[in-house]
Amino acid sequence: MRKFNIELKDKKIPVLLGEGIFGKITSEIEKRKLNRNILLITDSNVNRLYRKKVENAFSSFKGKFNLLTLRPGENTKSQENLNKIYSFLLKKKYSRDTLIIALGGGVIGDLAGFAAATFMRGVKYIQVPTTLLAVSDSAIGGKTGINFNGIKNIIGAFYQPEFVLADLEFIKTLPDKEVLCGTGEILKYAYLSDRAFYRFIEDNAEKLLKKDPAVVEKAAAKSVSIKTSIVSEDEKEGGKRKILNLGHTFAHAYESVLEYKIKHGEAVIAGLACALILSRRLGCMNEEKFMALSGMLKKFHPGIKFNKLKLNVLFKAMLSDKKNRDGKIRFVLLEDVGKVLTDVEAGRKDVLLTLKEAGEFFSR
Ligand SMILES: NC(=O)c1ccc[n+]([C@@H]2O[C@H](COP(=O)([O-])OP(=O)(O)OC[C@H]3O[C@@H](n4cnc5c(N)ncnc54)[C@H](O)[C@@H]3O)[C@@H](O)[C@H]2O)c1
């Protein structure tokens, strides 16, 4: 088992990563003297696959234990499901000494984390990510929240878990489409990191999609190590953490316009292509570099029917991004692998041309 830490001023959040480590959950809870009034929140897919594993892990645990299962999918990150969690907690007489466990992908992690942040002004929680995207990215860093009025993550809180327990064995049952989504965020880390990791991902793209355990482990561990170190430096996205939004302004617009019928990770792949195209368009990246860095993305088609999209509708969706100031859209762009620019403003014309070119990019 590998251990990474998010080192904050007043708190250290361990991220435990390994294969077959879920069974350690109760001993990790005991070791940290956490509350024994547990509500485990998951979705029905994870429940179907792993209920036995959960029951086994908690069979000799002494304390209150309930399981709440929600429907899978992005629409679950809603006010309605948040209310469902609050109602369940109140009905079962949970109080401030509650420990919530988020067992699932980014949807469950974001929703259950936000419930933990807000129930009785905040109760403790643990992230147990079960998708490649959640292991490599969303379970780490304390961003929690829900979607509202069709706007992604618009209500939420920075709220750190007690620890993250990332068992790579969960990845073995992940459908191909979800592996592609996790790969989307891993590609982002490849662009943000260094040449060695970038080359590793470029060379092992097919193996990653086939869930080769050694490649999954290395890709997840490097992503976790980058994210834990960035969040340690800038927990609340005042500075360095902004780079983690590479491709995300575009990605959120694709998701919103397609009414969340495409997955976040797929949208990130399209968003990364847009970020590279806009970087070249604005002169941050030269043609040669663009050709060298964009090729990798072609191996991962995001499954979007680009020709059916209205560019001005996408642009409008981008105007409601949380990161905008004074009505101007701000982007994270790239000069080269590991050389990132934040808060770059781009005009409507450049953005529209970028969106047009992104469609052509994936159809070539
Ligand atoms: N908080 C953050 O920092 C952050 C970062 C990136 C993304 N996100 C959010 O994460 C969400 C996407 O997360 P996701 O891609 O994990 O999606 P998800 O939570 O919807 O999970 C994807 C699908 O995989 C299923 N699943 C989960 N684990 C499984 C397993 N082990 N085996 C088989 N099936 C399994 C789920 O039931 C679901 O159908 C988005 O809402 C996005 O906004 C948050």
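Atoms within a ligand are numbered from 1 in the order they appear, just like the ligands themselves. These numbers were taken from a predicted model, which means no experiment stands behind them.
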Checking heavy-atom distances from atom 34 (N) of ligand 1 to each of P175, A139, A251, the winner is P175
Shortest non-hydrogen pair, T26 vs A57, comes out as CG2-O, 3.4 Å
Heavy-atom proximity to atom 8 (N) of ligand 1 ranks first, among A267, G113, S138, for S138
Checking the N or O distance criterion of under 3.5 Å, is ligand 1 in contact with E185? no
Ligand 1 atoms nearer than 4.0 angstrom to some heavy atom of L49 are 32 (N), 33 (C)
**Asked** Under 3.5 Å, is there a donor-acceptor pair linking the side chains of E185 and H248?
**Response** yes
Over 60° means perpendicular and under 30° means parallel, so tell me whether Y86 and F119 are parallel, tilted or perpendicular. parallel
A student checking ligand 1 against D110 at a 4.0 Å heavy-atom cut-off should list atoms 1 (N), 2 (C), 8 (N), 9 (C), 44 (C)
Q. Is any N or O atom of T144, backbone or side chain, closer than 3.5 Å to an N or O atom of ligand 1?
A. no
Judged by modelled atom types alone, do N147 and Y260 share a side-chain donor-acceptor pair under 3.5 Å?
no
Atom 10 (O) of ligand 1: of G142, G104, C181, G106, the nearest heavy atom sits on G106
- Give yes or no for whether the N/O distance cutoff of 3.5 Å, strictly under, is met between A134 and ligand 1. no
For F300 and F362, the nearest pair of non-hydrogen atoms, with its separation, is O-CE2, 4.0 Å
| Polar proximity ligand 1 side, R241 side, N/O cut 3.5 Å exclusive | no
closest protein heavy atom to atom 12 (C) of ligand 1 is L133 CD2, 3.9 Å
Ring centroid separation F170 to Y50 under 6.0 Å:
yes
P72 heavy atoms within 4.0 Å reach ligand 1 at atoms 37 (O), 39 (O)
Ligand 1 atoms nearer than 4.0 angstrom to some heavy atom of K77 are 9 (C), 40 (C), 41 (O), 42 (C), 43 (O)
For I126 and I29, the nearest pair of non-hydrogen atoms, with its separation, is CD1-CG1, 3.7 Å
In this structure, atom 21 (O) of ligand 1 is nearest to the protein heavy atom T131 CG2, 3.6 Å
of all protein heavy atoms, closest to atom 17 (O) of ligand 1 is K263 NZ, 3.8 Å
Taking only non-hydrogen atoms of N45 and a 4.0 Å limit, the atoms of ligand 1 in range are 36 (C), 37 (O), 39 (O)
Numbered in order shown, the ligand 1 atoms found under 4.0 Å of a heavy atom of Y50 are 31 (N)
Q | R32/E28 salt bridge by N-O under 4.0 Å criterion | A | yes
Among D167, D43, L174, D137, closest by heavy atom to atom 6 (C) of ligand 1 is D137
heavy-atom search around atom 22 (C) of ligand 1 in the protein gives E178 OE1, 3.2 Å
| query | Are side-chain N/O atoms of S59 and N56 paired as donor and acceptor at under 3.5 Å? | reply | no
Under 4.0 Å from one or more heavy atoms of V107, ligand 1 contributes atoms 11 (C), 13 (O), 18 (P), 19 (O), 20 (O), 41 (O)
Exercise. Taking atom types as modelled, find out whether N153 and K77 have a side-chain donor-acceptor pair closer than 3.5 angstrom.
Key: yes
Here the atoms of ligand 1 under 4.0 Å from any heavy atom belonging to E74 are 40 (C), 41 (O)
### Message
Looking only at side-chain N and O atoms, does E74 offer a donor or acceptor that is under 3.5 Å from a partner on H264?
### Response
no
shortest atom 30 (C) of ligand 1-to-protein heavy-atom contact is with T173 OG1, 3.5 Å
Output for pair (L82 CG, T76 OG1), nearest 0.5 Å, gives 12.0 Å
To atom 3 (O) of ligand 1, the nearest of H252, K227, E266 on a heavy-atom basis is K227
Does K152 have a heavy atom less than 4.0 Å from any atom of ligand 1? yes
All heavy atoms of D97 vs all of N35, minimum pair found to be O-CB, 3.0 Å
Check your understanding: Does a donor on one side chain and an acceptor on the other come within less than 3.5 Å for E235 and Q160?
Key -> yes
Atom 28 (N) of ligand 1: closest protein heavy atom, distance to 0.1 Å, is T130 OG1, 2.7 Å
